[in-house]
Amino acid sequence: MTPPAQSAAARPREISSDAEDYSDALLTGLRKQPKCIPCKYFYDAEGSHLFERICETPEYYPTRTELSLLRRHAAEFADLIGPDAEIMEFGAGAGEKIRPLLDALERPRAYRPIDISGAYLKGVAARLRREYPALAIEPIVADFSGDLSMPNPSSVRRIGFFPGSTIGNFEPEEARQFLTRSAKLLKGGGLLVGVDLVKDPGVLHAAYNDRAGVTASFNKNLLARANREAGADFDCDRFAHYAFYNPMQRRIEVYLVSMAAQRVTICGRQFAFADGEAIHTEWSYKYTVEDFRALAASAGFVPHAVWCDPGRLFSVHWLESP
Ligand code: AVI
């Protein structure tokens, strides 16, 4: 069946094609020592769906905690943002978290969700268009960890929205570089960003080792994706999900561990895995409120208000870019 033709306005704008880079990045990462696969490749359609399921597990507190902060304080965000703003969301996810903000804002000009997964983004944009028919919804398929420069019309207040503590998936220096680029992109506006907090290591450990095994499937989907898209022949059952909190580095570390000595073919090339050898797949850094504010200030933002839940699990920061 041929998909219905899309109008130019409905078609997501592509800044870069993930498909072109994917196989190269996979080969490059697996040639490194230790081997790694960049965490942005979690989010194909299957991975995005698995991530939505992680957010529903009882152990993964960040999503529901942040969502309740966004709902409770939406009117305060709207006051700080002001009328007629253009909202850019970095890593649009399921589109769930933007709703309280869109509902509270006065006459938002446009909503631009940016996500690496084009198919997923299209679905999210279509749903939001039905719910907000008067709002210009302009999805952008792009890797927001790269260069996102675009002209900033001085007449429009541009606001960034970066929920979910995805900023924690950058190493701190990469996070600073991302914030520096965002401060330039959002000059005259600001950034509303969700940041997971340092806390009881047991709570953190459980969040990345849910009992239903959804996080394990999400992690192993990296191998299944390589089989689907890069002609690889990984036996996913011969790799184990391994995630733990490293309190010295204040980060969750996620790996896929080879459960045997084995050879895998990827894009026609052979890779050897020793028994017990790990592929690094993700960091998830946790911050104190003070440390994150200092990081944002070092990137050119002026840290303004911060909201935390009563249990101090999660924080939402309003950063101004003068
Ligand atoms: C998207 N990101 C903020 C999630 C996190 O918590 O670091 C990704 C994730 N990885 C395993 N579980 C959730």
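Indexing begins at 1, ligand by ligand and atom by atom, following the structure's order.
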| query | Can you list the ligand 1 atoms lying under 4.0 Å from a non-hydrogen atom of G164? | reply | 3 (C)

| query | Which of the atoms of ligand 1 are close to S165, meaning less than 4.0 Å from one of its heavy atoms? | reply |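 Listed by number with element, the hits are 3 (C).
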
Ring centres under 6.0 Å, that's the criterion: do [X] and [Y] meet it?
X	Y	value
F161	F90	no
Y242	F244	yes
H280	Y255	yes
W283	F170	no

| task | Test side chain to side chain contact (heavy atoms under 4.5 Å, CB included) on R71 and R99 and set out the steps. | result | CA-CA 9 Å; R71 287 182 179 139; R99 282 190 177 80; over 6 Å; no

Around [atom], find the nearest protein heavy atom and jot down its residue, atom name and distance.
atom	value
atom 1 (C) of ligand 1	Y43 OH, 3.2 Å
atom 2 (N) of ligand 1	N169 OD1, 2.9 Å
atom 10 (N) of ligand 1	E282 OE1, 2.7 Å
atom 7 (O) of ligand 1	S284 OG, 2.7 Å

| message | As a check for students: among F218, Y60, F42, identify the option with a heavy atom nearest to atom 4 (C) of ligand 1. | response | Y60

| query | Without hydrogens or angle criteria, can the side chains of D103 and Y132 be said to hold a donor-acceptor pair below 3.5 Å? | reply |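 Judged by distance alone, the side chains do pair up.
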
| task | Establish, from distance only, whether the side-chain atoms of E59 and Y61 form a donor-acceptor pair under 3.5 Å. | result |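 No, no side-chain donor-acceptor pair sits under 3.5 Å.
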
| query | Counting only heavy atoms, which portion of V254 has something under 4.0 Å from ligand 1: side chain, backbone, both, or neither? | reply |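 Neither part.
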
| message | Can you tell me which portion of W283 lies within the under-4.0 Å heavy-atom range of ligand 1? Options are side chain, backbone, both, or neither. | response | neither

| So is T166 polar-close to ligand 1, meaning N/O to N/O under 3.5 Å? | no

| said: Would the distance check show the side chain of R157 and the main-chain N or O of I81 forming a donor-acceptor pair, the cut-off being under 3.5 Å? | reply: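 Yes: the side chain of R157 pairs with the backbone of I81.
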
| query | Is there a heavy atom in G168 that sits closer than 4.0 Å to ligand 1? | reply |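 No, that is not the case, since the closest heavy atom of the residue is not under 4.0 Å from the ligand.
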
